[in-house]
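Inspection log for the structure reproduced underneath, given as structure tokens.
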Amino acid sequence: MRITSTSCICPVLVCLCFVQRCYGAAHHGSIKVTRNQTRHIEGETEVHHRPKRGWVWNQFFVLEEHMGPDPQYVGKLHSNSDKGDGSVKYILTGEGAGTIFIIDDTTGDIHSTKSLDREQKTHYVLHAQAIDRRTNKPLEPESEFIIKVQDINDNAPKFTDGPYIVTVPEMSEMGTSVLQVTATDADDPTYGNSARVVYSILQGQPYFSVDPKTGVIRTALHNMDREAREHYSVVIQAKDMAGQVGGLSGSTTVNITLTDVNDNPPRFPQKHYQLYVPESAQVGSAVGKIKANDADTGSNADMKYTIINGDGAGVFSISTDKETREGILSLKKPLNYEKKKSYTLNIEGANTHLDFRFSHLGPFKDVTMLKIIVGDVDEPPLFTMPSYLMEVYENAKIGTAVGTVTAQDPDTANSLVRYFIDHNTEEDRYFTIDANTGTIKTARIFDREETPWYNITVAASEIGLCKAVPESRNGPTIGHRTSAVCGALIYSGDNPGLVSHVPVGIRILDVNDNPPELAREYDVVVCENAKPGQVIQTITATDKDNSANGARFHFSLDEGLFLNPNFTLRDNEDNTASILTRRRRYRRTTQDVYYLPILISDGGVPPLSSSSTLTVRVCACERDGRVRTCHAEAFLSSAGLSTGALIAILLCVVILLVFSLAIVVLFITLRRSKKEPLIISEEDVRENVVTYDDEGGGEEDTEAFDITALRNPSAAEELKYRRDVRPEVKPAPRHHPSSSLDSINVQEFIKQRLAEADLDPSVPPYDSLQTYAYEGHRSETGSISSLDSVTTQSDQDYNYLGDWGPEFKKLAELYGEIESERTT
């Protein structure tokens, strides 16, 4: 068998096919199969040779992306057993057999019916076999061979990660690596140059370059300045076939941004500045801004401003706004146009983050001079003191002078000042002030003991002004001019900003106008067994005046012309006094209360005094002086009972009386309920069954009751009212047609009476039993009553009576006892 590989496209394959067909099995690229042969050589005996079979495997090739109208020829299978008579059949199996690859089973020619893509599948593994068409026996063993898809340049290089965004610092050296780009080609890198990629730069020169083999992008210029140009767009191309003509290419964009470095020092736009600041500016407020320009960004442009010298270094301060990078000029001390009209400051602005690689570009700081002009403004009057403290005696007459406040106009005009009190609180209305002199006077009479201190606010305003004001008041800016503007009289109500205020504290001084009095209510007790000279109470006094008018108190008894025989008083000279007994033995039965008048005086000027009365009670005491009882509780002590014990006894008596009364009422109620029972019963049964102990005489017994009363309808007309309810409507008399006794049907009579009883509210209650002596016709089936079942055995279960509720509880218990007796 010969397997020949040819191609109508590739000349090399055509040559190989020609060699294979000429040299047969001796060629390296064929598969040779020989039959059993016998050769007769003259002079030699007949020799039998063992047949040799050998398979030599070669690859078949098929071009990818074949677009011709006919199937593409791949190769040929041929066996030495094939004599060309069609007896040999070739069979092809494996990947794509019958679908992609077809074989002529007679000639062994293999064709490809579809266009193949090497990037999807590079080769196919198939099996070839030659069999005898008549016997279907294999002439050759099954052999495996490979059809390889031969690559063509049908895929362009691609940048899978593009487009790219990258940064590089400005001022970088030439040749600084920026980024490496990589393009991939899906073609076969082992066959030809289809996958050999070369890089080139299409856009971005002369600033950047790219290595044609590695794809590394580098800077191509020295000192690329971000401040001149920040963004670059570079287009990189990748071309296969080693960049030759006819190769496929792909491109990508690389966006390169130069990052900032600190290569630009800060610079003030001007070397001299002028700033107008009014003298009324508040201490700590911002009065101006200044800024040095820096072409850098971010932290490279961070700035710090300082005042390096100048006569205003102690009056002004400067800070840095981190957001705007401006210098904020603030006022440290108040300005006064009359004392100093201008200041000069030298302000330095310097970078805080330095890059020493660029120190040769110059010092990264700058200095400018700022001249500050103090503006003269109309200032409010200035008080001579920051606060005032004044004093006035209590009870002083209205209009008494308390003190004087003084304020002056600090401006050069020295305008007149007028005064008034801010009436923001009620206390401000207690005083008046002279608008011209500032003298404060009282407007009411004060009581130190009521309010010892008052705080008021005095305001001062100018009467006229003529001041220099700036032309523009849009804010604290640099370089404003000023002009003089004179106005008419301006009062505090027209310009509240020209009013100054000062706090004034007024202390109310004390005078001795309150007499002393006892510090509290005293409960003085003297024992019956007290001895003469015994201290029974120590008293103290108080005075609403301060210590200067009442710190020393004097105590004495207000005896008048008579000496107190029972008690005496001793002044301890420490603002206290002691009450002492004058005699022995005090008896409650004789006198249980004594009244002791006491005179108290202070040491003020003039001295004041007051009289108070102490109440002294006489009590029974123990030997150690403890009080046992006083006058109102004496009778309890003799009996040996306390108040609590007496209350307990009374409570027990009341409970016993209430309990006895309840028993009596209950007994009377029960007796009344038994006098008029509706039905007499020996047991408390809901059904009220009436029990009789005597046995009747049967139907022949006519002595037990009068049957004529039952058979006489007129005798039953007597109206009987219910005894448990009060009838509201009196029923109309019932009239029935008279009939003979013999014609009356007793059964119908009873039914009629039963219907009337159900509808008449005056009949006996529903739980009463009405008895009629009518037995009715005898039943042939016998009695179905359960009254006779007590003496007979019954299989009936009465347990359901317990489920009927509390009304049938007694009946359930009775039948339960009967059932238990039967079982026992």
Side-chain angles (χ1 to χ4, degrees), residues 1-22 24 27 29-31 57-79 82 84-131 133 142-158 185-196 239-242 244-250:
M1 174 184 290
R2 291 196 308 269
I3 301 177
T4 306
S5 176
T6 62
S7 176
C8 62
I9 298 177
C10 184
V12 177
L13 295 179
V14 174
C15 295
L16 290 175
C17 181
F18 177 78
V19 173
Q20 288 174 354
R21 292 183 179 182
C22 294
H27 192 269
S30 64
I31 301 175
W57 313 115
N58 278 344
Q59 292 180 348
F60 285 139
F61 293 92
V62 58
L63 289 176
E64 67 170 337
E65 306 295 345
H66 176 69
M67 304 302 294
D70 298 327
Q72 183 181 184
Y73 183 74
V74 179
K76 184 179 182 65
L77 297 178
H78 185 74
S79 174
D82 188 1
D85 55 358
S87 61
V88 177
K89 182 180 181 181
Y90 298 97
I91 299 175
L92 186 66
T93 59
E95 295 178 337
T99 57
I100 300 175
F101 304 101
I102 59 175
I103 188 172
D104 189 329
D105 60 354
T106 302
T107 63
D109 293 330
I110 302 174
H111 291 80
S112 173
T113 62
K114 295 182 180 180
S115 177
L116 303 180
D117 188 358
R118 190 202 66 84
E119 285 71 37
Q120 293 184 358
K121 190 171 180 64
T122 60
H123 65 276
Y124 296 86
V125 179
L126 294 97
H127 298 83
Q129 190 176 14
I131 64 174
R133 192 181 296 275
E142 183 178 283
S143 301
E144 181 181 284
F145 66 96
I146 297 173
I147 298 177
K148 187 174 182 181
V149 182
Q150 189 174 359
D151 183 47
I152 64 173
N153 189 19
D154 58 342
N155 291 279
K158 294 181 180 179
D185 195 321
D187 293 326
D188 189 0
T190 63
Y191 179 77
N193 295 325
S194 299
R196 185 178 176 185
K239 191 174 183 179
D240 59 12
M241 297 298 292
Q244 298 176 5
V245 177
L248 303 178
S249 64

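This is a predicted model, so every value here is computed, not measured.
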Does the [X] side chain pair with the main chain of [Y], one donor and one acceptor, at a distance under 3.5 Å?
X: Tyr90; Y: Ser79; result: yes
X: Glu142; Y: His127; result: no
X: Asp240; Y: Leu248; result: yes
X: Thr113; Y: Ile100; result: yes
X: Thr122; Y: Lys148; result: no

Next on the checklist: Quick check: closest heavy atoms across Thr99 and Lys114, and the distance to 0.1 Å?
Outcome noted: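 Closest approach of Thr99 to Lys114, heavy atoms only: O-CE, 4.0 Å.
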Where is the tightest heavy-atom contact between Lys239 and Val245, given as atom of each residue plus distance?
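Taking every non-hydrogen atom into account, NZ-CA, 4.4 Å.
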query = What do the steps show when you test Tyr124 against Leu116 for side-chain contact (heavy atoms from CB on, under 4.5 Å), and what is the final call?
reply = CA-CA 11 Å; Tyr124 296 86; Leu116 303 180; 3.7 Å; yes
Can you list everything that forms a side-chain hydrogen bond (donor to acceptor under 3.5 Å, both in side chains) with Thr107? Sequence neighbours excluded, please.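 Listed in chain order: Asp104, Asp109.
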Establish, from distance only, whether the side-chain atoms of Asp185 and Asn155 form a donor-acceptor pair under 3.5 Å.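 No, because no side-chain N or O of Asp185 sits under 3.5 Å from a partner of the opposite role on Asn155.
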key: Lys121 and Val149, any side-chain heavy atoms less than 4.5 Å apart   =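 When only atoms from C-beta onward are counted, Lys121 and Val149 do not touch, as no gap falls below 4.5 Å.
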Passing candidate, side chain to side chain contact (heavy atoms under 4.5 Å, CB included) with Arg133, options Val88, Asp85, Asp105 =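 Only one of Val88, Asp85, Asp105 forms a side chain to side chain contact (heavy atoms under 4.5 Å, CB included) with Arg133, namely Asp105.
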key: Separation of Leu92 CG from Gln129 CD (nearest 0.5 Å)   =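 So the gap between those two atoms works out to 11.0 Å.
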Check: What distance separates Lys76 NZ from Ile110 CD1, expressed to the nearest 0.5 Å?
Finding: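 Lys76 NZ to Ile110 CD1: 10.0 Å, rounded to 0.5 Å.
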Can you sort out the partners of Asn193 under side chain to side chain contact (heavy atoms under 4.5 Å, CB included), two or more places apart, ordered by chain and number?
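Partners of Asn193 by the side chain to side chain contact (heavy atoms under 4.5 Å, CB included) criterion, ordered by chain and then number, come out as Arg196, Met241, Gln244.
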